[in-house]
Each structure stands twice: as structure tokens, then as C-alpha cells.
Number of protein chains: 2
Amino acid sequence: MALSRLDSRFAGNGRREAPEPADCQHEGRVGPCHDCAARQLSVCGVLGDEGLRRLDQLAEHETFSARDILVREGDPAVHLFNITAGAVRVYKLMSDGRRQIVGFLFPGDFLGLATGDRYPFSAEAISAGTACRFSRKSYRKLLAELPDLEAALLERTSDELAAAHNQILLLGRKTAVERLATFLADLAARGRRAGGDGKIVHLPMTRAEIADYLGLTTETVSRVTTRLKTRGVIRLLTLHSLRIENPRELARLAGLDMGGAEAGDG
Amino acid sequence: MALSRLDSRFAGNGRREAPEPADCQHEGRVGPCHDCAARQLSVCGVLGDEGLRRLDQLAEHETFSARDILVREGDPAVHLFNITAGAVRVYKLMSDGRRQIVGFLFPGDFLGLATGDRYPFSAEAISAGTACRFSRKSYRKLLAELPDLEAALLERTSDELAAAHNQILLLGRKTAVERLATFLADLAARGRRAGGDGKIVHLPMTRAEIADYLGLTTETVSRVTTRLKTRGVIRLLTLHSLRIENPRELARLAGLDMGGAEAGDG
DNA sequence: CCGGGGCCTTGATGCAAATCAACGCGGCCT
DNA sequence: AGGCCGCGTTGATTTGCATCAAGGCCCCGG
């Protein structure tokens, strides 16, 4: 009873193509990592050919389906994942069933890096996708030999910590409208970083998952979405994608200080 | 107008003894770091004599008073601090004055490690104390030469991230009672790690600061404290120190899963 | 083509914590 | 010694969001 649904798909060997995204070829010339679509989004980007080759030797390229469980809170932390396609939610549960999603993972994101000997959270796929899986032990060994990689990881972890602090501010002090506006603005910024125009936002997760991320309920997420729609800030294209009609207003609602970094609404 | 109160005390050179704790001598034989009371609490613990010597060369040992500002959100992140005595609060502000404290720092804790080129938060001393100050630039250079130190830092940052995730769970899903109970249990655990008995908890911060940490108001913190007192879970010794009378009940109220790590109520 | 079950939305009501308000206490300055 | 001010506590009231409840939409399977 270790890995439930995961077993059926992960127990094999991976190395089949992803069920959905067609642009991530894991077979190839120099090695799967070399042609990985997520490479520039992840820390692998800092590695040279030699480093990539060594990474390839450790990596197992896996596919997953929606609802597959990648890691389970409390289990021994033996693996480390680098998401290369799809979306994953990372969450913590309380004994009475209350759930808090601590983050969503998209291509380039790490899972299971910052942890002790047991996972402090669970992770479940939101959509089908692919991931590189490493043994944490051998990955650590590799780190010791590739200082660039270790430095990049420290930086990445620092960024995650800064993001967590922003989420703490959101949960501690922001209203429902501010929370959703911040969430949408963040997703838009992420989309921009991944090459999008920052106007169309795709929401692979359900309203309930957004609620569990923002410390709200599905009903409140729904109501606030409606309010943003009515005010002309956003327009729903489908249930799971929308267009930001008024980025400036969205930023204002998000309570952005406009002080420095990510102003500029394009 | 860069560093306000800080200037008057930090602009000099430090190297006077702390105004309050008498057990942290910074003068000494092998170097200040060697005899630092906080050494075993911090990453410096992993270093050998040679590493400590090199660290000493970079460190400036400073004192601070309550209300001194150590870093200001948005300022260029040039320094890195290792708190060696006293307590510091790390916080973020919204433009309308809402405040969220993202963490309290105690001896052994780092400040300004996990950040880009600007501080993403402010930090202000709660009480008088001491800190080692480093230039981030030269510290990074040192890191490249002391792989043990870098690995220790990655681990420390990972721990901070895990703590941030717990705080996210707290702010997103816990009630006021659960929040305060969790806070007190955490402080007790920290005290235990620092050598205390885990029963007496010292609260150097005000009720307002606790509120800003837990996403509540001072009134609610006060009311909930009273309730815990009435229920016999805690006993106030002074305004700023209390005794945990019923650790088991406190843990239960905190919503601890009791699943693994830190059960054991002493 | 119809029925069932997710998922989402909308409305009515309840409640936990915020806000508003008053007061007690203790330290500090005059 | 007296008075001010910051901090903490307690009480009354309000409110933002949760909870409870109902219905719509869409997909999928029979």
C-alpha cells in the first residue's frame, strides 16, 4: 500500500511518450535531458554537456496520469522529481480532512528536493504529464561533484522560500478578492516566463484546488471569480482558461506594491 | 534615509559586548566564531578550525538594540546576518499598513540568505542582541570553497521551506486556537532544541507581533490566551513568559497529527 | 436519447474573528 | 509623586467568509 495508483504506471520503467504533450521527446541523440523541453526552465539549464550526460545516467524519465500520486506525506523521501510536462499539486492534510495546497508544480519545478528523510507533504498529478525521477541519494552524490548545480539548487530553493513568504502574506492578511487576483497575476507571470503573452491563463486545477491553495472554499472562489468577471477584469474562455482583460486593475486588486520587480502589465 | 535607527549602532564597528546576554563572548583565543554561543545552533557547527578561521575573517560581530532595523524590504541585499543573541522579527508590509510577520529569528538563525539582489522582507530586532554580519558577495565566494558549508546551507534552507509550508497550513486552514497552540508548541520545541526543558516558554514579542505572525488580531490573541489559561493548558508567569501545564492537550489543540516526528510531551 | 454524477454557480443563513470601544496596568518621563 | 503612553485585556457589535442548500451544465456511459 505504498504508492497506490502510482504503482501501476511507475512500477514499469517509463520511457514511453507522454500521453498529452507532444513536444517533449525523451529519446534522442545526446540523451533525453539534452532535448528536454523543460531544460531551460529548470536547474539543468546551468549544466554543460558533460553534466547533462551524468544527469542522464541518474534520471528515469516517467509519465504520469491525472490523479497519480507522486509522493505521499510521511513516506521515506527516496525520490526527487523534476516535472517536465503537466501539472502537480503539493498538499498537506490534517487528520480531520482539512487540506492545504502549498503549491502547484509546472514544467521545470522540483519536487522532493527540500525535505528531510520523509516527505513533509503529498503530491498528486492534476493532469497527465512527465517527470524525471532521481534517487535522492545518488543525486546528492552528483551534487557534490557539480558545484554549479548545487549553487543553482540553493538559488532555486531560495526562490521557493521567497514564494512561500508571499503565500504567507496572502493567507495571513489578504482578502478573498486579493487572494484570487494575486493567484491569477502569479499564474500570468509564470506563463509569461514560460513564453506566453501573459494574458491567457490556463487553470488546469479545479475550483476546489484553487480554494485549498488560497485558504478559501470553492463557493468563495466561484463568487469572487464572478465578481472579477462582472467588473471586467477577466473574461472566462472556458472553465479552465481565461483572459486577463485589465492587468492593471488585476495588479491593483492583488495588492501589489508596484514598488519594484514585477510591475509592467504588458 | 537608508537604514534609520540601525545607522547609529551599526555604522560604527560593533565589537562591544551584548547589552543583555552575558554568555556570548566575541573576544577570544582562536577567534570570535570559535567561542560563539550560537555556533552549534547554526551552520557554523559543521566547520573545522580552518573553516572557522576563514569565516572569522569575513564576519563583523555587531550588536543591536530592540527596534533596530537590520534589513529593509526592497533594499539591495548586500549583507547576510547570523543571529547570535536576541530575537528578530522578519516581516512584510502592504501599502495600506497590513503587516505579516513571516518568521521570528533566534540565535543560530540566518537572515538574508535566501534572497535575490533585493531583500524581499524587512527585519527588526525585538530585543537587544548580537549578530555576525557578512557581505553576501564574499560569503558566496567562501561557499564555493567550503562545500560542507554550502551543503549545510542547502539543508538549512530546506528546513526553512518546510517550516514555511507548515505556516501556510496554519494560516490557510487552522482556527485561532489551533494557531496559537501550534505557535506555543513550536516555541517550546525550539526551546528544547536550545537546551531548555520545553515547559517554560519565553515570548520576547508583543501580542501584536504574535497576531501579525498568526494572521490574527491582538484582541484575538489575547482572548485565546485567556481561554488556554482557563482550560489549564498554560499558565502565565509574566506577560512574556509562560509555563505549559498540559503539553498533550496543547499538541492536540495544535492539530498535530502525532504521526511521527515530534510527539513526546516530556 | 436519456440518466447519473462531477463540477460549478448562486442564494440563504450562521459563525468565528475583526472591528469598535472602554478600561486597567505598569513603566517612564517630568 | 503625578500623569502620560504603550501594551494588554475584556465586552459589544459587525462582517467576510464558511456552511448549508439547491439547481445548472456538461460529459460520459448505457
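Residue numbers begin at 1 in each chain, while the letters A, B, ... track the order of the sequences. Only heavy atoms go into these numbers, but all of them, side chains included; no hydrogens, no water, no symmetry mates.
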Provide, to the nearest angstrom, the distance between the [atom1] atom belonging to [X] and the [atom2] atom belonging to [N].
{"X": "A:Leu236", "N": "D:dG24", "atom1": "CG", "atom2": "C1'", "result": "16 Å"}
{"X": "A:Arg179", "N": "D:dA18", "atom1": "CZ", "atom2": "P", "result": "8 Å"}
{"X": "A:Glu209", "N": "C:dC8", "atom1": "CD", "atom2": "P", "result": "9 Å"}
{"X": "B:Arg227", "N": "D:dT9", "atom1": "CZ", "atom2": "P", "result": "14 Å"}
{"X": "A:Asp212", "N": "D:dA18", "atom1": "CG", "atom2": "P", "result": "11 Å"}
{"X": "A:Asp96", "N": "D:dT19", "atom1": "CG", "atom2": "P", "result": "11 Å"}
{"X": "B:Arg99", "N": "C:dA18", "atom1": "CZ", "atom2": "P", "result": "15 Å"}
{"X": "B:Arg173", "N": "C:dA16", "atom1": "CZ", "atom2": "C1'", "result": "15 Å"}

If you restrict it to nitrogen or oxygen atoms, what contacts under 3.5 Å exist between nucleotides 20-22 of chain D and the protein, and what is each distance?
from, atom 1, to, atom 2, distance (Å)
D:dC20, N4, A:Glu219, OE2, 3.0

Nearest 0.5 Å, what's the [atom1]-[atom2] distance between [X] and [Y]?
{"X": "B:Lys229", "Y": "B:Arg235", "atom1": "NZ", "atom2": "CZ", "value": "10.5 Å"}
{"X": "A:Phe121", "Y": "B:Leu169", "atom1": "CZ", "atom2": "CG", "value": "13.5 Å"}
{"X": "A:Arg89", "Y": "A:Glu124", "atom1": "CZ", "atom2": "CD", "value": "4.0 Å"}

Have a look at B:Thr225 and say if it touches a base, only the backbone sugar-phosphate, or nothing, with a 4.0 Å heavy-atom cut-off.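 Since no nucleic acid heavy atom lies under 4.0 Å of B:Thr225, the category is nothing.
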So which atom in B:Glu160 and which in A:Leu161 form the shortest heavy-atom distance, rounded to 0.1 Å? OE1-CD2, 3.3 Å
Nearest heavy-atom contact between B:Gly86 and B:Pro107 is O-CD, 3.4 Å
Could you tell me if the side chain of [Y] sits less than 4.5 Å from the side chain of [X], heavy atoms only?
{"X": "A:Leu214", "Y": "A:Thr182", "result": "no"}
{"X": "B:Leu180", "Y": "B:Leu216", "result": "no"}
{"X": "A:Thr220", "Y": "A:Arg179", "result": "no"}

With side chain to side chain contact (heavy atoms under 4.5 Å, CB included) as the test, would you mind laying out the steps for B:Glu178 and A:Arg98 before giving the verdict? CA-CA 13 Å; B:Glu178 289 170 333; A:Arg98 277 175 288 178; 2.7 Å; yes
Enumerate the protein-to-nucleotides 6-8 of chain D contacts in which both atoms are nitrogen or oxygen and the separation is below 3.5 Å.
from, atom 1, to, atom 2, distance (Å)
D:dG8, OP1, B:Arg207, N, 3.4
D:dG8, OP2, B:Arg207, N, 3.0

Taking the minimum atom-to-atom distance to the side chain of A:Thr217, which one of D:dA18, C:dA17, D:dT9 wins? D:dA18
Would you indicate, yes or no, if D:dA18 has its OP1 or OP2 atom less than 4.0 angstrom from a side-chain nitrogen or oxygen of A:Thr220?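 The answer is yes; a side-chain N or O of A:Thr220 sits under 4.0 Å from OP1 or OP2.
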